[in-house]
Amino acid sequence: MSFGAAPIGNIFRPISEDESRAMMATAWDAGIRSFDTAPMYGHGLSEARVGESLRWKERDDFLLITKVGRRLRPKKRSEIDFTPWVDGLPFEMIFDYSYDGVMRAFEDSNQRLGLERIDVVFIHDIDVFTHGEEQQKIHFKAAMDGAYRALEDLRSNGHVTAIGVGVNEAAVCHAALQHGDFDGFLLAGRYTLLEQDALDNFLPLCEERNAFVLVGGGFNSGILATGAKPGAKYNYAPAPQDIMDKVSQIEQVCTEFAVSLPAAALQFVVAHPCVPSFVAGVRTTEQLQQNIAWMNAPIPAEFWQALKQRDLLREDAPTPA
Ligand SMILES: NC(=O)c1ccc[n+]([C@@H]2O[C@H](COP(=O)([O-])OP(=O)(O)OC[C@H]3O[C@@H](n4cnc5c(N)ncnc54)[C@H](OP(=O)(O)O)[C@@H]3O)[C@@H](O)[C@H]2O)c1
């Protein structure tokens, strides 16, 4: 499991410095050694907090992932729209997928983190989810022409170990992998117990190209952790009825086999050979500890077979041994 550091960028509600430090310490003490952050998360707050908590750790003991594609520029707090972040750092965000913009953003991330190095850099949010149909085409082209070349240079000069793309859509990852020599991806919400369209094209190409896929949003932003209860979240908004219905059906199978839904959601994702880690976004130390326990909970093989027999899971989806 990796630590997803969007929540400590204060997404939707603030997390205090003490809570943030406690979560990072709990993650470290539990053996988590991979941390995913981004300049976007709290307009720099997440990178600052992650860097502070890891500052005095032995650098080779952990993996640090951040992203490029947004530059941060100082501005009066009162003039910044922080939505969906709360009390971020006083920087406005500007999309910039150009070569120079990415090089500058990379330098800025290094300063905010205050660590010896960054291991993995993803081009962030070049998807329709973020930009809409028309703008996405423009940003994707700019990223392949500029950001990709910048990251290639950083990799070939030894400044980073791996480069890739971090988005909410498998099709964009697939297009990027067809375009360039990417080492890996962060795919959010699109390979989960609830949806496996990434098995159509993207994951087979990753297998062929030996690319890794970190899965973020593995609870589809909440509903696979909470179950289909009123107010459950899917894609960061209240879940629509068809999603509630499908999760309820999966929950029925969980009940029959005495399996917890979030345990199944966590363990399913990392059963794919290209997926080394579930990037968990947690809001409290309790959620983090619970997720670690769920990751290790026993699940009978018959449970996965039952999901497939009832058309609740794709037949070709790898499941835990
Ligand atoms: N484009 C990208 O690169 C991209 C996009 C998305 C995510 N990510 C990465 O992936 C990470 C995780 O993504 P995510 O936070 O969007 O999705 P997620 O893991 O699907 O959902 C996280 C939410 O699930 C709920 N949850 C987690 N553990 C729980 C528990 N034990 N009990 C009850 N509820 C629990 C919490 O909801 P409540 O807050 O409601 O309690 C939490 O905020 C991010 O932090 C980020 O590092 C990257």
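Nothing here was measured: the structure is a model prediction, and the numbers come from that model. As the structure lists them, so they are numbered: ligands from 1, and atoms in each ligand from 1.
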Show which atoms of ligand 1 fall inside a sub-4.0 Å distance from at least one heavy-atom site of [X].
{"X": "L186", "result": "3 (O), 4 (C), 8 (N), 48 (C)"}
{"X": "G166", "result": "1 (N), 2 (C), 3 (O)"}
{"X": "A188", "result": "4 (C), 5 (C), 6 (C), 7 (C)"}
{"X": "A6", "result": "44 (C), 45 (O)"}
{"X": "A5", "result": "45 (O), 47 (O)"}
{"X": "V279", "result": "10 (O), 11 (C), 12 (C), 47 (O)"}
{"X": "P7", "result": "45 (O)"}

[X] and [Y]: side-chain donor and acceptor closer than 3.5 Å?
{"X": "N220", "Y": "T192", "result": "yes"}
{"X": "S34", "Y": "S277", "result": "no"}
{"X": "D245", "Y": "Q241", "result": "yes"}
{"X": "D145", "Y": "Y97", "result": "no"}
{"X": "D81", "Y": "T83", "result": "yes"}
{"X": "S46", "Y": "T37", "result": "yes"}

Can you tell me the protein heavy atom closest to [atom] and the distance?
{"atom": "atom 9 (C) of ligand 1", "value": "D36 OD2, 3.5 Å"}
{"atom": "atom 1 (N) of ligand 1", "value": "D125 OD1, 3.1 Å"}
{"atom": "atom 19 (O) of ligand 1", "value": "G281 N, 3.6 Å"}
{"atom": "atom 2 (C) of ligand 1", "value": "H124 NE2, 3.6 Å"}
{"atom": "atom 31 (N) of ligand 1", "value": "N291 OD1, 2.8 Å"}
{"atom": "atom 10 (O) of ligand 1", "value": "G216 CA, 3.5 Å"}
{"atom": "atom 40 (O) of ligand 1", "value": "K233 NZ, 3.1 Å"}
{"atom": "atom 13 (O) of ligand 1", "value": "G217 N, 3.2 Å"}

For ligand 1, is there an N or O atom under 3.5 Å from any N or O atom of [X]?
{"X": "A225", "value": "no"}
{"X": "S221", "value": "yes"}
{"X": "Q287", "value": "yes"}

Between R59 and F62, is NZ or CZ placed under 6.0 angstrom from the six-membered ring centre and within 45° of the ring axis?
yes
Distance col, row F303:CZ vs L313:CG, nearest 0.5 angstrom, shows 8.5 Å
Salt bridge between R190 and E195, side-chain N to carboxylate O under 4.0 Å?
yes
Is ligand 1 less than 4.0 angstrom away from at least one heavy atom of [X]?
{"X": "Y41", "value": "yes"}
{"X": "Y236", "value": "yes"}
{"X": "W294", "value": "yes"}

Exactly one candidate in R71, R73, R104 meets salt bridge (Lys or Arg N to Asp or Glu O under 4.0 Å) with D96; the answer is R71
Would you be so kind as to tabulate the donor-acceptor pairs closer than 3.5 Å made by side chains of residues 23-33, with sequence neighbours excluded?
unit_1 : atom_1 : unit_2 : atom_2 : d
T26    : OG1    : A22    : O      : 2.7
R33    : NH1    : W28    : O      : 2.8

When Ile, Leu, Val, Met, Phe, Trp and Tyr are grouped by side-chain heavy atoms lying under 4.5 Å apart, directly or through other members, which residues fall in the same group as I65?
L63, V120, F122, L186, F212, L214, V279
Expected output: side-chain Q267 to main-chain W294 donor-acceptor under 3.5 Å
yes
